[in-house]
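These numbers come from the heavy atoms of this one structure, side chains and all, not from hydrogens, waters or symmetry mates. Not measured: the values here are computed from a predicted model.
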Amino acid sequence: MATAAEIATRYFEALGRQDLDAALAVWKPGATDRLVGDREVTAPDGIREFFDEVFAAFPDFALEIVEVTATDERVAIRWRATGTFAGPGDYYGFAPNHARMTLEGCDVVTVNDGLIVHNDAYIDSGDIARQLGLLPPNGSAAQRRLATLANLRTRAANGIHAAEPERIADGVWLIRGGFPLKTMNVYLLEEPAGGVTVFDAGIDGMGPAITAAAARMGGIRRVVLGHADPDHRGAAPALRSPVHCHELERAAAESPSPMRPYFDLHKLRPYARPFYAKALPTWDGGAVQVAGTVAEGDEVAGFRVVELPGHAPGLIGLFRESDRLALCSDTVYTLDIQTGRKGGPWIPHPAFDQSAERASESIRKLAALEPAVVWAGHADPVTGDASAQLRAAAAASV
């Protein structure tokens, strides 16, 4: 029986001759050819269709093997292909422009019982686009102009969705985001072993800024949601990290809907109702898969979990004894959500509270911790005599 290297070599030599019958003869029917970063096709019909398109777009297509490296059933083939984009038909929607292409790539082929059972094909799609004139050449004036436009877009997106992180306490960083006032707060908590825990995930558009800031600190270890409202879970799907929340928030976190059953927009002023009806779905990044739950007394990056239900059934805050710092999510507002006026603390708006009575109890519970500084889910912190201010907020809500 032929070796794996011989089978793989036979396949690429047949492609170089544009002999698809011979090429497909060494494939096991139903096996997968994975074009990394593009698509997957199945032998024999999917592979035939793919290369029929390639050979039609590049009639003079030719391929040579540069290097073969084999270990048992796996064979790495480095190859070089050439061709002219002459058509007659379109390729990926682009009309033939007669550009000449020279491309190098590498395939990793798996062979079993004399047949190819899997292939991973690696090519530089950017190089293809440049050679075909779909992207400007490296170092060209056109590329510099394109980079300038891309950088302007990046800066504009960052300016709209999130600011650079600011250090607010030992090992605690704040990212402010949200258009237009950047009043959504996301906290990065440094972990002793490296990386960060993200507490609350802000809105969907903040995802890139959170990911970039966390990458500079060693990456995201986990995301802990203060609760699962859309402006607190919004960026969580984009962070691609394990998500934790209170058990009573799991269903909302995993729901595709941004709305909670107890939301009542009619409690808002008439001018605010259409804004929130449109904003809540826009802020939301969609359902997240909950990897684990947290509860009263659990430790999170040097903080203790405190259950503070009312605004949401499973709302939690984090409290650190060493400096009496509280991160309380939406236990209180320090922002009038209808006017943008900052101040507070206030009880969260009844349009979004599950239970105003329980919310008041949680504010009193937070006050009893005697926090030095309280950072909420939005806007600015409560400083000074934070406990007295919290007790006043709880009393005013009764």
Side-chain angles (χ1 to χ4, degrees), residues 157-158 160-165 172-179 182-191 195-261 263 276 279-295 298 300-301 303 305 307-309 311-318 327-331 348 352 354 375-378:
N158 289 341
I160 292 171
H161 291 299
E164 282 296 305
V172 181
W173 298 79
L174 168 68
I175 298 177
R176 300 178 186 264
F179 181 80
K182 292 189 175 66
T183 58
M184 313 292 183
N185 292 343
V186 173
Y187 300 93
L188 306 183
L189 313 179
E190 296 179 12
E191 292 281 2
V196 298
T197 286
V198 176
F199 180 61
D200 271 348
I203 63 173
D204 183 30
M206 296 175 68
I210 298 169
T211 300
R216 295 193 291 269
M217 299 179 187
I220 299 172
R221 297 292 172 259
R222 62 175 169 171
V223 178
V224 177
L225 300 181
H227 60 298
D229 286 2
D231 51 333
H232 293 263
R233 77 168 187 177
L239 303 183
R240 300 183 180 181
S241 300
V243 176
H244 297 249
C245 65
H246 192 278
E247 179 61 38
L248 295 179
E249 293 297 296
R250 179 193 287 269
E254 295 183 337
S255 170
S257 173
M259 307 300 286
R260 312 277 308 246
F263 283 2
Y276 280 98
L280 291 169
T282 302
W283 289 342
D284 192 35
V288 297
Q289 184 67 44
V290 175
T293 58
V294 294
D298 287 350
V300 173
F303 287 77
V305 173
E307 295 179 352
L308 299 166
H311 174 68
L315 189 146
I316 62 164
L318 301 179
L327 310 177
C328 73
S329 196
D330 277 358
T331 306
F352 302 108
Q354 185 201 36
W375 278 95
H378 302 276

Hey, does the side chain of [X] reach the backbone of [Y] with a donor-acceptor pair shorter than 3.5 angstrom?
{"X": "D298", "Y": "A295", "value": "yes"}
{"X": "H232", "Y": "D200", "value": "no"}
{"X": "S241", "Y": "L239", "value": "yes"}

Point-to-point distance, once rounded to the nearest 0.5 Å, from [atom1] of [X] to [atom2] of [Y]:
{"X": "D231", "Y": "T282", "atom1": "CG", "atom2": "OG1", "result": "12.0 Å"}
{"X": "E190", "Y": "M217", "atom1": "CD", "atom2": "CE", "result": "6.0 Å"}
{"X": "M206", "Y": "I175", "atom1": "CE", "atom2": "CD1", "result": "6.0 Å"}
{"X": "R222", "Y": "T197", "atom1": "CZ", "atom2": "OG1", "result": "4.5 Å"}
{"X": "L188", "Y": "I210", "atom1": "CG", "atom2": "CD1", "result": "7.5 Å"}
{"X": "T293", "Y": "H246", "atom1": "OG1", "atom2": "NE2", "result": "8.0 Å"}

Testing the basics here: between [X] and [Y], what is the closest heavy-atom pair and its distance to 0.1 Å?
{"X": "A253", "Y": "A228", "value": "N-CB, 3.6 Å"}
{"X": "P165", "Y": "A213", "value": "CG-CB, 3.9 Å"}
{"X": "Q354", "Y": "A312", "value": "OE1-C, 4.4 Å"}
{"X": "P256", "Y": "D284", "value": "O-OD2, 4.4 Å"}
{"X": "P237", "Y": "G285", "value": "CG-O, 3.6 Å"}
{"X": "P258", "Y": "P281", "value": "CG-CA, 4.0 Å"}

In the structure I gave you, are the side-chain heavy atoms of [X] and [Y] within less than 4.5 Å of one another anywhere?
{"X": "R260", "Y": "P313", "answer": "yes"}
{"X": "Y187", "Y": "L318", "answer": "no"}
{"X": "F263", "Y": "Y276", "answer": "no"}
{"X": "L327", "Y": "L189", "answer": "yes"}

> Is the F303-F199 ring centre distance short of 6.0 angstrom?
Replying inline: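 Aromatic pair excluded; centres sit 6.0 Å or further apart.
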
> Is it true that R233 and E254 have a side-chain N and a carboxylate O under 4.0 angstrom from each other?
Replying inline: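 No salt bridge links R233 with E254.
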
>> side-chain contact (heavy atoms from CB on, under 4.5 Å) for V300 and I316? Distances and angles first, verdict last.
In response: CA-CA 12 Å; V300 173; I316 62 164; over 6 Å; no

> Would V186 and L174 count as a side-chain contact (heavy atoms from CB on, under 4.5 Å) if you check the C-alpha gap in whole Å, the side-chain angles of each, and the deciding distance to 0.1 Å?
Replying inline: CA-CA 6 Å; V186 173; L174 168 68; 6.0 Å; no

> Hey, mind stepping through N185 and R176 against side-chain contact (heavy atoms from CB on, under 4.5 Å) and telling me if it holds?
Replying inline: CA-CA 5 Å; N185 292 343; R176 300 178 186 264; 4.0 Å; yes

>> As a quick check of understanding, evaluate side-chain contact (heavy atoms from CB on, under 4.5 Å) for H378 and M184, giving each step before the final call.
In response: CA-CA 5 Å; H378 302 276; M184 313 292 183; 3.3 Å; yes

